[in-house]
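Everything numeric here is computed off the predicted structure, so don't read it as measured data. Side-chain atoms are counted along with the backbone in the values below, which use heavy atoms only and exclude waters and symmetry mates.
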Amino acid sequence: MASLDVGGSGIGSPALPARLTAVDHRPGATRGWTLSDIVEVTRITSVAISADGARWAFVVKQPSLDLAESRYGLYVGTGDGPARKVADSAYLADLQPRPGHKTWTLRGEFGHGVQVYDIDDAGRRTPRLVHQPLSQVGGDTSLAPSASEPARATGVLAFGWSPDGKALWYATLRPRSAKRQRAWREEGLAYVDGRTTATDFYAEPPAEAVELWVRETRSGRDQLVAQSPGDRSTASVAFRGGSVFWDGPQGLVYQRPGLSETGAPNQSSWRFDVATGSSAPQPQSGGVRTASGRLRLTRLDGGKYELSEVSSLARALTSLGSVSYSGMGGALGVWRSPGGQVLYGVRQADRLGLAAYPAQTPLSQVRESLHPCAFDESLRVGVCGRESLTRAPELVKVGPSTGAVRVLARPNARYDTISPLTSEPATWTNRFGTVSGGYITYPRNYQPGRRYPAIVITHAADARNLFAAETFQWAFPLQVLAERGYVVLSVNETTSDLSVSDAYGSAHSNLSPARMQQGMGLDAVATMEAAVADAVARGLVDPQRVGIAGYSRGGIVTTLALSQSKVFRAGINADTSFFSAGGFYRGGMVREIYRGLFGGPPLDPRYAAAYRAFSPSARADRFAGPLLQLFTGRSAASALELDQALKEAKIPTKLIAYPGETHILHRPRTAMAAMKASLTWFETWLAEGADGRQVLPVGSGAGDKVAFDLKLEGGAGEITAITKQ
């Protein structure tokens, strides 16, 4: 393995305080939430605790509009605090205690790309794993390890200590040689379905494989465990996210990613034996004993796991929820004590929490979300981030057996001058009988009996009790919208037809396009309508002033809602163009997904009706209101199809691109600009009219305008009156 000269320490940043305490000042409320508050909220991104529970540590991320960047800090503490900052960096992640030593191990950027370091409580730093960062002839030297991280020079993608500390696994990218890179540039690259990532096809990807290694610490010997061919986009899925974990000190279980000939994902589970240096396939499940039977951990699509309890007597299988099984811990995880106690983090419908077997822990009743979390060896004590829709993140100590929760550090104490908003969980049943949940956030100084404009925010199943979560609300500032007088509906969608979701995930379907469209879109649109109908029936919302916003999957639902329903007057779609008709031609895997949804290509007359029935770009003339599109990086070009279709249909639309971002807006000033654009869009199109009606152009071809009144019946929206203007 290549080596670099890395060492030294550097502590100090104007954006991060030297100490964090648990002191609760709570002065009187003097103001409301602002955009800068949301952009600059301090995130607790990683936590760790020593085996004996005496020492703890955590990493915070601090965006700064003044610095135009985010800084990361490592804080350590003992007992009940306070926390002292011992390291400062442009990036820190994956914090873990080093077994058998009084040091912490993490990935960090200290001037040589992201590598793995040991850091003690005094801030002394020692390189643990160093791999040559990617270099590229005539191109960018950085990469985005995942869609939720910005591009940066990276040597090590992920790692994890063995239970005895004698070995650790790690993942790296194997660079393409300079010779092969030049050949690529000079001779070209043939596109191959299932092998070439479409977005990197023209971007000179500098890597040719993701590699999984094991290093034995005493000998320094490295063993190559597995590799996943592909370019740098593969780094976001291979050997990460709970797909690698230790099964005892000598066994490493990992999921080896693969692709079918069409590019559809398929994975197999393997176990590597450190002593023999060999791997063998194994069933994709495992288990631990409980008082009433056995916990079975079964791998699901997307690198997640379902935890179920198998009764010893009845042999019945009871699902306990979806978890991510990883020795690194975090929001989701499984922890086992030598005495047989099991603690697991669960992704519940509305929050992230904890529960234990064989005894149900009182911590499962905590109303806020607890994440990320880490626990001592005996599971007597742990440290977690705690937050909610109305509480910014803070660090707490938890007692799994007692339910005790004690604040250790409050990195967002500066928000004590802001009185919390009011949010409450809600459940909705759509017209198809599908039940989904989420939250209602009320405007500041809400007055019962008054109807307010409303914004629906959606992103698959991520509407949880989390504060300003960028992976849910993206650049749609929920708290500031509430300050501006909007009712905000954070709405999850539920997959009710598992056959459809399975077919969609495997990019292969024998189901009818009508059933696929119902399960992958129309059901979700009906859920968004049901949430609005409920708020209207309760007297909360003015039905003439409802908007919808979402990114990624939420953006898909947004464009479907505007093209399928008359409930929504305006929308914002962020960073997705999926289901636009031309997507059929974006590569093998996408082509197969579209074949399931539409039957075949959009230019084949046999399938034109299916596209007209479901594809937003094929239904541009039926949009109920204007659409703002906010896109990042290379994906922006794919938004032009819907943008041009809407313009042709005389529907107001706007497309803004933020180059260099990677599905999540990482640059603080970019996030601020996108939030301002979102607020302006909704305030422009949802402004109250003289008669409470919105006047919008429709695609009549002649540019006629109509005004329409909305009637809500059973959650469905329909036009009841049309008048030419």
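Side-chain atoms of T576 do not come within 3.5 Å of backbone N or O of G555 as any donor-acceptor pair. Side chain of W681 to backbone of G571: a donor-acceptor contact under 3.5 angstrom is found. T434 contributes no side-chain N or O that, together with a main-chain N or O of N430, makes up a donor-acceptor pair within less than 3.5 Å. A donor-acceptor pair under 3.5 Å links the side-chain atoms of Q564 to the main chain of A613, judged by distance alone. In this structure, R386 contributes its side chain and V396 its backbone to no donor-acceptor pair below 3.5 Å.
Contact check on E470 versus R43 returns no salt bridge, with no Lys/Arg side-chain nitrogen under 4.0 Å from an Asp/Glu carboxylate oxygen. In summary, R410 and D416 engage in a salt bridge, as defined by a charged side-chain N under 4.0 Å from a carboxylate O. Using a 4.0 Å cut-off between a side-chain N of Lys or Arg and a carboxylate O of Asp or Glu, R450 and D542 do not qualify as a salt bridge. Between R669 and E40 there is no salt bridge, since none of the side-chain N atoms of the basic residue sits less than 4.0 Å from a carboxylate O of the acidic one. Classification of E683 and R484 as a salt-bridged pair holds, one side-chain N sitting under 4.0 Å from a carboxylate O.
Defined by atom type and a distance below 3.5 Å, a donor-acceptor pair is present between the side-chain atoms of R586 and S577. With hydrogens and angles left out, the side-chain atoms of E529 and S565 include a donor and acceptor closer than 3.5 Å. A donor-acceptor pair shorter than 3.5 Å can be found between the side chains of E641 and S617. Side chain to side chain, T34 and D37 meet the donor-acceptor criterion of an N or O pair below 3.5 Å.
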Going through the checks in order, is the side-chain hydrogen bond (donor to acceptor under 3.5 Å, both in side chains) test met by S369 and N465?
CA-CA 6 Å; S369 282; N465 204 12; 5.3 Å; no
Full working for side-chain hydrogen bond (donor to acceptor under 3.5 Å, both in side chains) between R667 and T670:
CA-CA 5 Å; R667 298 191 297 262; T670 299; 3.2 Å; yes
Set out, in order, the CA-CA distance, both residues' side-chain angles and the distance that settles side-chain hydrogen bond (donor to acceptor under 3.5 Å, both in side chains) for T42 and Q62, then state yes or no.
CA-CA 5 Å; T42 306; Q62 180 61 72; 2.4 Å; yes
Show the numbers, then the answer: is there a side-chain hydrogen bond (donor to acceptor under 3.5 Å, both in side chains) between H371 and E387?
CA-CA 8 Å; H371 87 111; E387 63 181 290; 3.0 Å; yes
List the steps, then state whether ring-ring contact (aromatic ring centres under 6.0 Å, His included) holds for W33 with F467.
CA-CA 12 Å; W33 292 102; F467 185 83; 5.0 Å; yes
Apply side chain to side chain contact (heavy atoms under 4.5 Å, CB included) to V500 and R515, showing your working.
CA-CA 7 Å; V500 168; R515 183 175 173 185; 3.9 Å; yes
The test is salt bridge (charged side-chain N to carboxylate O under 4.0 Å, His left out); show your working for R431 and D523 and say whether it passes.
CA-CA 9 Å; R431 63 180 180 272; D523 197 11; over 6 Å; no
Kindly determine whether Q473 and M675 satisfy side chain to side chain contact (heavy atoms under 4.5 Å, CB included), including the steps that lead there.
CA-CA 10 Å; Q473 65 185 63; M675 289 183 188; 5.7 Å; no
Can you check side chain to side chain contact (heavy atoms under 4.5 Å, CB included) on L630 and D575, steps first, answer last?
CA-CA 6 Å; L630 305 175; D575 219 42; over 6 Å; no
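Smallest separation of non-hydrogen atoms from P443 and Y452: CG-CD2, 3.7 Å. Here the shortest heavy-atom pairing between A482 and T441 reads CB-CG2, 4.1 Å. In this structure, H663 and T632 approach most closely via the heavy-atom pair N-OG1, 3.2 Å. For the pair F623 and P616, the tightest heavy-atom approach, listed with the atom from each and the gap, is CE1-O, 3.5 Å.
The one candidate from V532, V487, L489 that meets the side-chain contact (heavy atoms from CB on, under 4.5 Å) condition with V546 is V532. Partner of N573 under the side-chain contact (heavy atoms from CB on, under 4.5 Å) criterion, chosen from L655, L628, T653, L627: L627.
Put simply, the side chain of L466 does not reach to within 4.5 Å of the side chain of L389, judged on heavy atoms. Taking the side chain as every heavy atom from C-beta outward, L560 and L522 never approach each other to under 4.5 Å. The shortest side-chain heavy-atom distance between S490 and F472 falls under the 4.5 Å cut-off. Within the 4.5 Å cutoff, side-chain heavy atoms of L665 are placed close to those of W474.
Between Y551 and H459, the ring planes lie parallel to each other; the angle is under 30°, not in the 30° to 60° tilted range. Using bins of under 30°, 30° to 60° and over 60° for the plane-to-plane angle, the ring pair F598/F614 lands in the tilted bin.
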